[in-house]
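Because only heavy atoms are used, hydrogens play no part in the values below, and waters and symmetry mates are left out as well, while side chains stay in. Nothing fancy with the numbering, it's 1 onward along the sequence.
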Amino acid sequence: YIAAAGLLIFNLIFATERFGATNWVQIGGFSFQPSEIVKMAFIWVGAASLDELFEKKNSLIFMIFSGFCFCCLALMGDFGTAIIFFVTFLIISFLRSGDFTKLILIVGVAFVGGLMVLKFKSYIAERFAAWGHVWEVADGLGMQQTRTMSAAASGGLVGNGAGEGWLNQVFASETDLVFGMIIEEWGLIIAVLAVLSVITLSIFAVRSIWAGRSTYYTIAACSAMSMFLFQTALNVFGSVDLFPLTGVTFPFVSCGGTSMIVSWGLLAFLKSADTRQNASIAISLTEKGLREEEGDMV
């Protein structure tokens, strides 16, 4: 809790604004995105505080912490990350209670809050204004998406070859628009396989529901996987105008050191829920051997 809150406050104080969002901190020649790192902490504290299902106080603490995160992200103007956090919050809350009524109420409150953010954050409102008709503003708000779709169309099924595309001349082509860049250079087949690779990871999350070590591992794995899937959807659909362009990365594919570190960190939540023999570092092989010997003796 303290580390995550400290990172967000540090972000608010020292971050510089880039294209409407103040979510990057520059220290010398090094830059990083604190809100990305908080993703791991958000799942960690959410799963841990809800591990004991009958402790209502834990739910209240997590809700207060979540509200703090949402407020900080709103002040930063990082709408894409805020959406990812909110969806993860819904997943954790549902796994906690299984009550759809509460989720509907939460979504309703979030909708009102989202309208307020759109009203006071013109940058975000402009993104939504261009959604669905970017070709009409191809040289303005729709510049990035129209170029992405044009480049993707030129790539076809097999692509033009690595480094042979022109989309890399467009801003954020290696981060927010990387799906179009993959299609242009490597082809639609590889791009679809990249998406399917992320979807395939969900098998581990589903397996943890039935064979997880505890409630903590189950909630953490499912939440991390939900974050992976939703972030991938925002990146892919945003680049082709099916969703508003939210400025989030494609896990494991987009450039960015902070994003890559966090992607591996989220993957660790899935691995920790694996209950196969000798698959986890949580218990040493020596301890396992002793337990097996004790079991044989009994």
Side-chain angles (χ1 to χ4, degrees), residues 4-5 7-8 11-12 15 18-24 32-47 62-63 65-95 103 106-107 109-111 113-114 117-118 121 123-124 127-128 131 172 175-179 195 198-199 201-202 205 219-239 242-256 258-270:
L7 278 173
L8 291 175
N11 194 141
L12 289 172
R18 294 186 182 180
F19 302 94
T22 53
N23 54 0
W24 284 97
F32 70 102
Q33 194 171 354
S35 58
E36 281 287 310
I37 302 174
V38 175
K39 287 180 181 178
M40 292 187 291
F42 189 79
I43 292 178
W44 196 345
V45 301
F62 179 60
M63 291 183 68
F65 173 73
S66 300
F68 173 78
C69 292
F70 298 149
C71 290
C72 289
L73 292 171
L75 291 173
M76 296 174 199
D78 194 350
F79 189 68
T81 303
I83 296 177
I84 295 172
F85 270 60
F86 180 69
V87 170
T88 306
F89 171 77
L90 292 180
I91 296 296
I92 292 175
S93 298
F94 177 72
L95 291 173
L103 295 186
I106 294 172
V107 171
V109 174
F111 178 74
V117 171
L118 291 176
K121 292 288 185 178
Y123 162 75
I124 299 173
R127 288 285 182 92
F128 274 84
W131 176 32
T175 53
D176 305 351
L177 311 174
V178 73
F179 183 69
V195 175
V198 176
I199 296 176
L201 290 174
S202 62
I219 293 177
C222 291
S223 301
M225 196 61 248
S226 299
M227 190 173 283
F228 270 134
L229 292 174
F230 191 68
Q231 184 169 328
T232 301
L234 286 179
N235 180 279
V236 172
F237 293 145
S239 63
L242 292 178
F243 283 175
L245 187 61
T246 52
V248 299
T249 57
F250 192 132
F252 298 110
V253 179
S254 294
C255 285
T258 310
S259 175
M260 186 63 71
I261 291 172
V262 172
S263 293
W264 282 104
L266 294 176
L267 193 63
F269 285 116
L270 273 69

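Atom-to-atom distance recorded for L177:CG and L245:CG is 6.0 Å, nearest 0.5 angstrom. Rounding to the nearest 0.5 angstrom, the gap separating the CG atom in N235 from the OG1 atom in T175 is 8.0 Å. Taking CG of L75 as the reference point, atom CG of L8 lies at 10.5 Å (rounded to 0.5 Å). In this structure, CE on M260 lies 8.0 Å from OG on S254, to the nearest 0.5 angstrom. Rounded to the nearest 0.5 Å, atoms CD (Q231) and OG (S226) are 12.5 Å apart. Annotation: the span from L7 atom CG to L12 atom CG amounts to 11.0 Å, rounded to 0.5 Å.
Ring centers of F228 and F252: under 6.0 Å apart, within the cut-off.
Side-chain contact between I83 and F230 is present, with at least one heavy-atom pair separated by less than 4.5 Å. Here the side chains of F179 and T232 are not in contact, with every heavy-atom distance at 4.5 Å or above. You'll find the side chain of S223 reaches within 4.5 Å of the side chain of I91, heavy atoms only. With contacts defined as side-chain heavy-atom distances shorter than 4.5 Å, the pair L201/L267 qualifies. The side-chain heavy atoms of F32 and I261, taken from C-beta on, include no pair separated by under 4.5 Å. At a threshold of 4.5 Å between non-hydrogen side-chain atoms, the residues Q33 and S259 do not count as touching. Put simply, the side chain of L229 reaches to within 4.5 Å of the side chain of I199, judged on heavy atoms. Within the 4.5 Å cutoff, side-chain heavy atoms of V198 are placed close to those of M225.
The two atoms that bring V262 and E36 nearest to each other are CG2-O, 3.4 Å, heavy atoms only. Closest heavy-atom contact between A233 and F243: O-CD1, 3.9 Å. Here the closest non-hydrogen pair linking M40 and G265 is SD-CA, 3.4 Å. Of all heavy-atom pairs between S263 and P251, the closest is OG-CA, 3.8 Å. Among all heavy-atom pairs drawn from I84 and T88, the shortest one is O-OG1, 2.8 Å.
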Dump the intermediate steps for side-chain contact (heavy atoms from CB on, under 4.5 Å) on S35 and L73, then the final yes or no.
-> CA-CA 8 Å; S35 58; L73 292 171; 3.8 Å; yes
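F42 and F85 have tilted rings, their planes meeting at an angle from 30° to 60° on a 0 to 90° scale.
T81 contributes no side-chain N or O that, together with a main-chain N or O of D78, makes up a donor-acceptor pair within less than 3.5 Å.
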